[in-house]
2 protein chains.
Amino acid sequence: MPSSNVVPPARFSAQARLRALQSDIMELILDRDLEAGDALPTENELCTALGVGRNTLRESLKVLQALGVIEIRHGFGMFVAPSNFEALADGLIFRARLSLRHHGLEALQLVDVRQALEAGLIGSSMDLMTAGQLAGIEESVVRMEELGAAGESFVDADSDFHSRLFEPLNNELLFNLLGVFWKVYRKIHSEIGAGAEDLAAVAELHRNVYTAVAAGDKARAAQELTRHFDGIRRRISDVVAD
Amino acid sequence: MPSSNVVPPARFSAQARLRALQSDIMELILDRDLEAGDALPTENELCTALGVGRNTLRESLKVLQALGVIEIRHGFGMFVAPSNFEALADGLIFRARLSLRHHGLEALQLVDVRQALEAGLIGSSMDLMTAGQLAGIEESVVRMEELGAAGESFVDADSDFHSRLFEPLNNELLFNLLGVFWKVYRKIHSEIGAGAEDLAAVAELHRNVYTAVAAGDKARAAQELTRHFDGIRRRISDVVAD
DNA sequence: ACCGTAGCGGATGTCCCATGTCCCCTGAGC
DNA sequence: GCTCAGGGGACATGGGACATCCGCTACGGT
């Protein structure tokens with residue numbers, strides 16, 4: 001064990017040291033050829049292996065957990081984690097809420113990015129879409145229309161609709177990213193109060209998207225999606241204006 | 001210390017408690033109307049305010065730092081941070097490298113997402129672009145061509161080119177995201193060894209994008225960008241095939 | 001009077017130790 | 001053969017001690 005003698009390799013900024021420690025841990029995972037699901041060494045082993053104290057190590061470990069790199073199971077051990085963007089969502093939610101209290105900039109930028117992603121990818125997704133997946137999308141639309149007619153909110157159906165739209169791409173990273181945006185949107189949506197929105201109109205916007213997709217008209221699908229986001233953007237602007 | 005009786009609010013999973021603590025801290029920031037740059041209470045104050053030990057608190061604090069929510073300055077204090085996606089980049093780099101060792105799936109998905117973002121937003125960016133910004137883009141292309149002709153790698157110029165392409169949108173979130181993707185790409189690019197790439201061909205692809213942008217032809221700009229990404233995708237596939 | 005610097009106070013960084021809590025695994029009992 | 005209580009290992013939490021760093025201030029030289 002390379003006990004770093006007396007001096008921890010020169011004092012860089014503490015921040016740099018922490019980042020270096022995280023990198024070391026990740027490097028160690030890569031070196032040992034661990035795959036998702038494999039167990040990491042115990043905390044104590046890592047302490048001695050990396051030459052740092054347990055608390056210092058744990059701080060890095062928690063960061064890696066938040067980043068979705070590792071999974072920590074109390075009382076059992078630590079493992080290489082499957083993709084997980086939960087914490088990223090929390091960070092973005094925080095930023096969006098913070099911005100809503102001031103100028104609402106970040107919240108609007110978030111919508112821009114989500115719009116670019118959805119409008120930009122709908123074409124490729126349509127290329128790969130099966131009849132079954134198309135039917136699933138319509139089902140979501142129907143559910144939104146039914147709930148809307150009953151005066152009930154349909155956040156879940158809305159969420160389903162958007163996931164199904166991009167299911168054919170089979171791109172987990174994209175799913176995670178869109179999931180994050182959705183989560184953020186849902187949170188700020190509940191924060192800004194959604195009372196004033198017209199459920200039937202929202203359902204109709206989604207119906208329009210579905211129609212374009214079913215017809216195989218990529219340009220119109222992208223355009224309808226864009227319009228859908230214009231509505232969201234307007235609502236955020238209204239709230240910030242207060 | 002207001003020891004909350006004997007038992008902390010029922011024992012949920014430790015994970016949930018940590019997340020709750022993070023939320024509490026963020027809630028506290030929002031409640032006190034702190035803006036980016038404002039100072040947070042000291043660690044000890046937070047310990048008593050939230051009723052947890054310093055170690056536990058610090059673990060949450062480090063996570064928030066990694067998420068770019070707060071900035072910690074050794075010996076001075078903690079502050080609400082401006083947007084910062086550094087750590088996210090590290091997490092993604094790790095995932096991409098991990099995937100390259102197996103099937104390369106995540107790396108390819110990353111390229112897909114980046115492609116959707118760039119191709120999807122180029123149109124809007126062109127709407128807002130000024131003559132000066134357009135000139136800046138051409139300058140990047142020229143630099144790439146010069147360096148390429150001299151046989152030198154031009155990662156920086158390439159990076160400049162892409163940032164300038166979307167500068168008109170003035171969307172910090174997008175910048176951060178693209179910055180993350182770029183950083184990941186750069187890392188895996190250096191990992192997979194870039195020796196075999198044809199510098200002149202890459203420069204030409206960028207020149208084509210510029211020409212389309214300068215001509216105001218949105219469809220062709222998006223198409224040229226897509227082709228540019230096809231090249232990247234192919235190179236990753238080649239590496240994984242080994 | 002001005003300016004540079006050494007020292008001070010406070011805050012974070014690192015570490016150790018003790019104890020609580022949880023989980024998987026094993027083996028005894030049915 | 002199956003079930004469940006117990007053991008052991010591993011993580012969670014909290015407290016304390018000491019090191020390190022930063023910005024500010026007050027001292028002393030010019």
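Order of the sequence lines sets the chain letters (A, B, ...), proteins ahead of strands, with each chain counted from 1.
B/Met78 places its CE atom 17 Å from the P atom of D/dC22, with the value rounded to the nearest Å. A straight line from CZ of A/Arg17 to C1' of D/dC21 spans 13 Å, rounded to a whole angstrom. Note: CD (B/Glu43) to C1' (D/dG16) measures 14 Å, nearest angstrom. The distance from atom CG of B/Leu40 to atom P of C/dG10 is 20 Å, rounded to the nearest whole Å. Distance B/Glu59 CD to C/dG13 C1': 14 Å, rounded to the nearest Å. Nucleotide C/dC15 holds its P atom 13 Å from the CG atom of A/Asn44, rounded to whole Å. In this structure, A/Leu21 places its CG atom 14 Å from P of C/dG13, rounding to the nearest Å. In this structure, the CZ atom of A/Arg54 is 8 Å from the P atom of D/dC11, given to the nearest Å.
Using cut-offs of 30° and 60° for the angle between ring planes, the A/His162 and A/His206 rings count as perpendicular.
Contact check, B/Thr56 against D/dA12: no side-chain N or O comes under 4.0 Å of OP1 or OP2. One finds a side-chain N or O of A/Lys62 lying less than 4.0 angstrom from the OP1 or OP2 phosphate oxygen of D/dA12.
Side-chain atoms of B/Thr42 and B/Met78, non-hydrogen and from C-beta on, never get closer than 4.5 Å to each other.
Contact annotation for A/Ile72: backbone-only contact, meaning every heavy-atom pair under 4.0 Å involves sugar-phosphate atoms and none involves a base. Within the nucleic acid shown, A/Gly75 comes within 4.0 Å of at least one base atom, counting heavy atoms only.
Listed for the A/Ser23 side chain is a donor-acceptor partner under 3.5 Å among the backbone atoms of A/Arg19. In this structure a side-chain-to-backbone donor-acceptor pair under 3.5 Å is missing from B/Ser60 to B/Leu21. The closest donor-acceptor contact from the side chain of B/Gln133 to the backbone of B/Thr130 lies under 3.5 Å.
In terms of polar N and O atoms assigned as donor or acceptor, the side chain of B/Asn55 comes within less than 3.5 Å of the base of D/dG15 in a complementary pairing. For A/His74 and C/dC22, a side-chain-to-base donor-acceptor distance below 3.5 Å is absent, hydrogens and geometry of angles not being considered. For B/Arg73 against D/dT20, no side-chain N or O and base N or O form a donor-acceptor pair under 3.5 Å. Counting distance only, with no hydrogens placed and no angle test, the side-chain atoms of B/Arg58 and the base atoms of D/dG14 include no donor-acceptor pair under 3.5 Å.
Between A/Leu57 and B/Glu45, the residue whose closest nucleotide on DNA chain C is further toward the 5' end is B/Glu45.
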